[in-house]
Amino acid sequence: MQILNDKSYHTISEDIARPIEGRASRAWWIAFGITLLATLWGVWAIWVTLRDGIGAWGLNKSVGWAWDITNFVWWIGIGHAGTLISAVLLLFRQQWRVAINRSAEAMTIFAVLQASIFPILHLGRPWLLHFNLPIPNQYGSLWDNFNSPLLWDVFAIATYFSVSLVFWWVGLLPDFAMLRDRALKPFQKKIYSLLSFGWSGRAKDWQRMEETMLLLAGIATPLVISVHTIVSFDFATSVVSGWHTTIFPPYFVAGAIFSGFAMVSLLLIILRKVCKLEAYITLKHIELMNTVMLVAGTIVAVAYLTEFFMAMRSHSEFEQYVFRNRATGAYAWAFWTMIICNIVLPQLLWFKKLRRSITFSVCVALVVCVGMWFERFVIIVTSLHRGYLPSSWTMFSPTWVDIGIFVGTLGFFFLLFLLYARSFPMIAQAEVKGGRCQVSGLRSQVSGDRCQGVVIILDTPDSLLDKIKELKSDGREIQEVYTPFYVHGLAEALGLKRTRLGKATFVYGLLGFLFGVWLVYYTMIADWPQNFGGKPNATLWQGLPAFVPVIFELTVYFAAHLLVLSFLFRSRLYPTKKAENPKPESTDDTFVIAYESAPQEDKNEK
C-alpha cells in the first residue's frame with residue numbers, strides 16, 4: 001500500500017523521527033501526568049493488597065474469581081492483535097501492515113505486562129512466584145502439576161511475551177540505526193548505538209534478517225492461536241456450568257482478535273493525529289482494521305448464539321439456568337451491555353462510509369473494548385455467583401482496591417505507550433521505504449577509499465542493482481553493500497548463498513520438543529508420580545493430552561530464541577558493537593557500494 005504524497009526516503013525518515021527528536025507538546029505532558037496519577041493509584045492499591053491480602057478485594061467464598069481474572073483475560077486479548085498483525089499479515093505479504101505493525105507489537109508487550117500483574121497478585125503470596133517454575137526446591141521432589149491449565153498459562157504467556165519481545169526488537173534494529181546516525185546529541189547517539197547492536201545495513205545482514213523475520217512469523221502464528229486457547233482452558237476444563245464447553249477455544253481467540261484490533265485502531269487513530277502521521281496511517285488502514293473487527297465481531301456473535309443454543313438443547317437444567325440467569329438475573333445489565341457493544345453496534349461497520357469515518361471508528365473501538373471487558377465479566381461472575389447450592393448464592397461487588405488496580409494498569413499501559421512514542425520509531429521506516437519507489441532523481445557519487453577500495457553512493461535500488469551488474473562485468477570485487485532497507489534481488493545480484501537459519505530453527509525446535517517431553521516425563525512420571533482426580537500418570541502416554549500445551553510452548557520458545565541468537569551471532573551484532581557503514585546516510589536514504597579499485601584479473605596478475 002503506497003503512502004500519500006510520494007515522499008522521498010529522507011522525508012520518511014524525517015517524519016518518523018520528528019516525534020522523537022522534537023520537544024514534547026503540552027498535550028503530551030498533560031496525558032503523561034494523568035496516566036502517571038492513575039499508575040500511582042494502582043501502585044497504592046497493589047501495596048494494600050500485599051499488606052492486607054486478597055481479602056482487600058471484593059471476592060467471597062462463591063465468587064473466588066472476579067475482577068482479577070476478568071482483567072487478566074481482557075488484557076491478554078488486548079495484546080493479541082500485535083503479533084497477529086506482525087506474523088500472520090507478514091506471512092500473507094499484506095503490505096498495509098507496515099504502517100501499523102510496530103506500534104501494534106509494542107501494544108502487545110505492554111498489554112501482556114499488565115495482564116501478568118493480576119494472576120501474580122492472586123497467588124496471595126506473590127513472593128513465592130518461582131514455585132510456578134519447574135525448579136528444584138526445599139520441599140524435595142515437589143514438582144509443578146503439568147495437568148493444570150493454570151500452569152499451562154504460565155508457560156503460554158511467558159513464551160508469548162518473550163517471543164513477541166524478540167520479534168519486535170529484531171525488527172527495530174534498522175530503525176534504531178537510522179536514529180543513531182541522525183542523532184546530534186552524544187548521549188542520544190550512545191543510547192541508540194547500544195539499542196541498534198551496531199546494525200550497518202550490510203547486504204548479508206538484510207538477507208539474514210528477512211529470513212529470521214519470516215521464520216519468527218511462522219513460529220509466532222500458531223503461538224498467537226495457542227495463547228488464548230490455553231487461557232480458555234482455565235474455564236473449559238472445569239465442571240462449572242457455563243464454562244464447561246468445547247466452543248471456548250475458538251470463541252476466545254476470535255474475541256481476542258476483536259478486542260485487540262479495537263485497541264490498535266484506537267491508539268493509531270490518536271497517534272496519526274497527534275504525531276502528524278496521516279500520510280502513513282491512512283483511511284485505508286483504518287478501513288481495513290475495521291473490516292477485521294467486523295469479521296471477528298461476527299464470529300463472536302455466532303459463538304454467542306451457538307453457546308446459547310447448545311445450552312438450551314443440552315437437557316442440563318444447570319446449564320440452562322446459567323444462561324437464563326445471565327440474560328434476566330441480577331447481572332442482566334452487564335449481559336445486555338455486552339450484547340449491544342459486541343454484536344449490535346459493530347455490525348454498523350458493514351457500511352463503508354462508517355468504516356472510513358474517523359469519529360465512528362474511535363467510538364466503535366471504545367465500545368468494543370468496553371464490551372469485551374463485560375464479556376469476560378459475564379462469563380466469570382455469572383457462572384460463579386449462582387452455584388449448585390442456593391445457600392451459597394451471593395453477589396460480587398468490587399472494592400476500591402479492585403478498581404484501583406485496574407485503573408492503575410490502564411494508566412501504566414498508556415504511560416508506557418506515551419514513553420514509547422517519544423523514544424521509539426512508531427512506524428517501521430525500513431519496511432515503508434522498501435514497499436515503495438524513490439521519486440527523487442538518480443545520484444551516483446564516487447568517493448574516497450575504504451580499505452584501499454572505492455565507495456559509490458547511489459539513490460535508488462534499481463540504480464544499485466544496475467551498478468552491481470556493471471561492476472561485476474568489469475571484473476571488480478565488491479567488498480560490501482550497505483542499504484537502508486531490504487532490496488529484493490540484491491542477494492542474487494551479489495551471489496550470496498541462502499542462509500541455513502531455517503534448518504537451524506528446525507533443530508532448535510526439536511531440542512525444545514525433546515526437552516519438553518523429558519521435563520514432563522521426569523517430573524510427572526519418573527520422579528514424583530501423582531494421581532489427580534483419579535487420573536494417574538503411570539505412563540507418559542496416559543498424561544500426554546495434558547502435557548501437549550507445555551511441550552508445544554517449549555518447542556516454540558527454543559526455536560524462536562535460539563533463532564534470534566543465531567541471527568545475532570552470525571551477523572556479529574551485539575550492544576557495544578560500532579557501526580561499520582562508511583556513510584551514515586546509508587541507514588536513511590542512500591545505497592553504498594564498497595569495491596576494489598582494481599579489476600580482479602589485474603590483482604591476480606600482480
Side-chain angles (χ1 to χ4, degrees), residues 1-25 27-28 31 81-82 85-86 89-90 93-107 171-172 174-179 181-182 261 263-292 352-362 365 417-418 420-441 459-461 483-487 585 587-591:
M1 180 179 297
Q2 196 164 9
I3 62 174
L4 301 178
N5 303 326
D6 281 333
K7 294 178 180 287
S8 66
Y9 297 141
H10 182 67
T11 305
I12 293 173
S13 299
E14 291 280 339
D15 291 343
I16 294 173
R18 187 186 304 114
I20 301 169
E21 297 173 343
R23 299 188 63 177
S25 64
W28 186 91
I85 291 172
S86 297
L89 297 185
L90 174 60
R93 300 295 187 180
Q94 295 297 305
Q95 187 63 23
W96 64 276
R97 58 175 277 282
V98 302
I100 63 176
N101 64 330
R102 194 68 74 239
S103 294
E105 291 164 8
M107 186 198 74
L172 275 169
D175 302 335
F176 286 143
M178 181 269 290
L179 293 173
D181 293 337
R182 287 174 53 90
F261 264 88
M263 184 62 82
V264 170
S265 179
L266 180 62
L267 290 173
L268 289 178
I269 288 173
I270 296 172
L271 283 177
R272 76 187 291 270
K273 183 65 177 178
V274 173
C275 300
K276 298 179 174 59
L277 297 174
E278 291 90 347
Y280 303 91
I281 306 171
T282 65
L283 286 177
K284 187 65 175 175
H285 291 98
I286 295 170
E287 181 184 3
L288 288 169
M289 285 191 289
N290 283 335
T291 301
V292 175
K352 184 174 182 178
K353 185 177 180 180
L354 293 178
R355 287 200 305 272
R356 295 178 66 88
S357 168
I358 299 295
T359 303
F360 184 78
S361 296
V362 171
F417 210 85
L418 286 169
Y420 154 77
R422 288 285 301 153
S423 308
F424 287 36
M426 290 178 287
I427 291 178
Q429 53 89 26
E431 295 185 65
V432 171
K433 294 172 183 175
R436 63 188 303 277
C437 296
Q438 175 70 294
V439 297
S440 60
D459 268 353
T460 65
T483 63
F485 54 83
Y486 178 75
V487 177
E585 297 83 1
T587 58
D588 181 7
D589 64 342
T590 60
F591 303 81

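- Taking each heavy atom of Ala104 and Val264 in turn, the nearest pair found is CB-CG2, 4.1 Å.
- At distances below 3.5 Å, at least one donor-acceptor pair connects side-chain atoms of Arg422 with backbone N or O atoms of Gly22.
- Side-chain contact between Lys433 and Asp588 is present, with at least one heavy-atom pair separated by less than 4.5 Å.
- Among residues two or more places apart in sequence or in another chain, the side chain to side chain donor-acceptor pair (under 3.5 Å) test is passed with Arg356 by Glu287.
- Nearest approach of Pro425 to Phe176, heavy atoms of both residues: CD-CE2, 4.2 Å.
- Using a 4.5 Å cut-off on side-chain heavy atoms (C-beta onward), Ile358 and Lys273 make no contact.
- Summarising the geometry, atom CZ belonging to Phe485 is positioned 10.0 Å from atom CG belonging to Asp589; distances are rounded to the nearest 0.5 Å.
- Side chains of His10 and Ser13: a donor-acceptor N/O pair is absent below 3.5 angstrom, by distance only.
- Taken to the nearest 0.5 Å, the CD atom of Glu431 stands 7.0 Å off from the CG atom of Leu90.
- Shown here are the side chain to side chain donor-acceptor pair (under 3.5 Å) partners of Asp181, two or more places apart in sequence or in another chain: Asn581, Thr587.
- In terms of heavy-atom proximity, Trp28 sits nearest to Leu418 at NE1-O, 3.2 Å.
- With contacts defined as side-chain heavy-atom distances shorter than 4.5 Å, the pair His285/Leu268 does not qualify.
- Judged by distance alone, the side chain of Arg97 and the main-chain N or O of Leu89 form no donor-acceptor pair under 3.5 Å.
- Within the 3.5 Å criterion, the main-chain N or O of Gln429 finds no donor-acceptor partner in the side chain of Arg102.
- For Phe417 and Phe424, the ring centers are positioned 6.0 Å apart or more.
- Under the 4.5 Å side-chain criterion, counting only non-hydrogen atoms from C-beta, Ser103 is not in contact with Leu267.
- Between Leu179 and Ala17, the closest heavy-atom pair is CD2-CB, 3.8 Å.
- Interatomic distance, CG of Leu283 versus CG of Leu288, reported as 11.0 Å (0.5 Å rounding).
- Counting only N and O atoms by type, the side chains of Thr590 and Tyr9 include no donor and acceptor under 3.5 Å apart.
- You'll find the side chain of Ile427 reaches within 4.5 Å of the side chain of Val432, heavy atoms only.
- Summarising the geometry of Ala430 relative to Pro484, their closest heavy-atom pair is CB-O, 3.8 Å, with the distance given to 0.1 Å.
- Within the 3.5 Å criterion, the main-chain N or O of Ser357 finds a donor-acceptor partner in the side chain of Ser361.
- Atoms CD1 and OG1, on Ile16 and Thr11 in that order, are 11.0 Å from each other to the nearest 0.5 Å.
- Atoms CG and CZ, from Asp15 and Arg18 in turn, are 4.5 Å apart once rounded to the nearest 0.5 Å.
- Rounding to the nearest 0.5 angstrom, the gap separating the CD1 atom in Ile100 from the CD atom in Glu105 is 10.5 Å.
- Between Met289 and Trp96 the shortest side-chain heavy-atom distance falls below 4.5 Å.
- Between Phe591 and Val487, the closest side-chain pair of non-hydrogen atoms falls below 4.5 Å.
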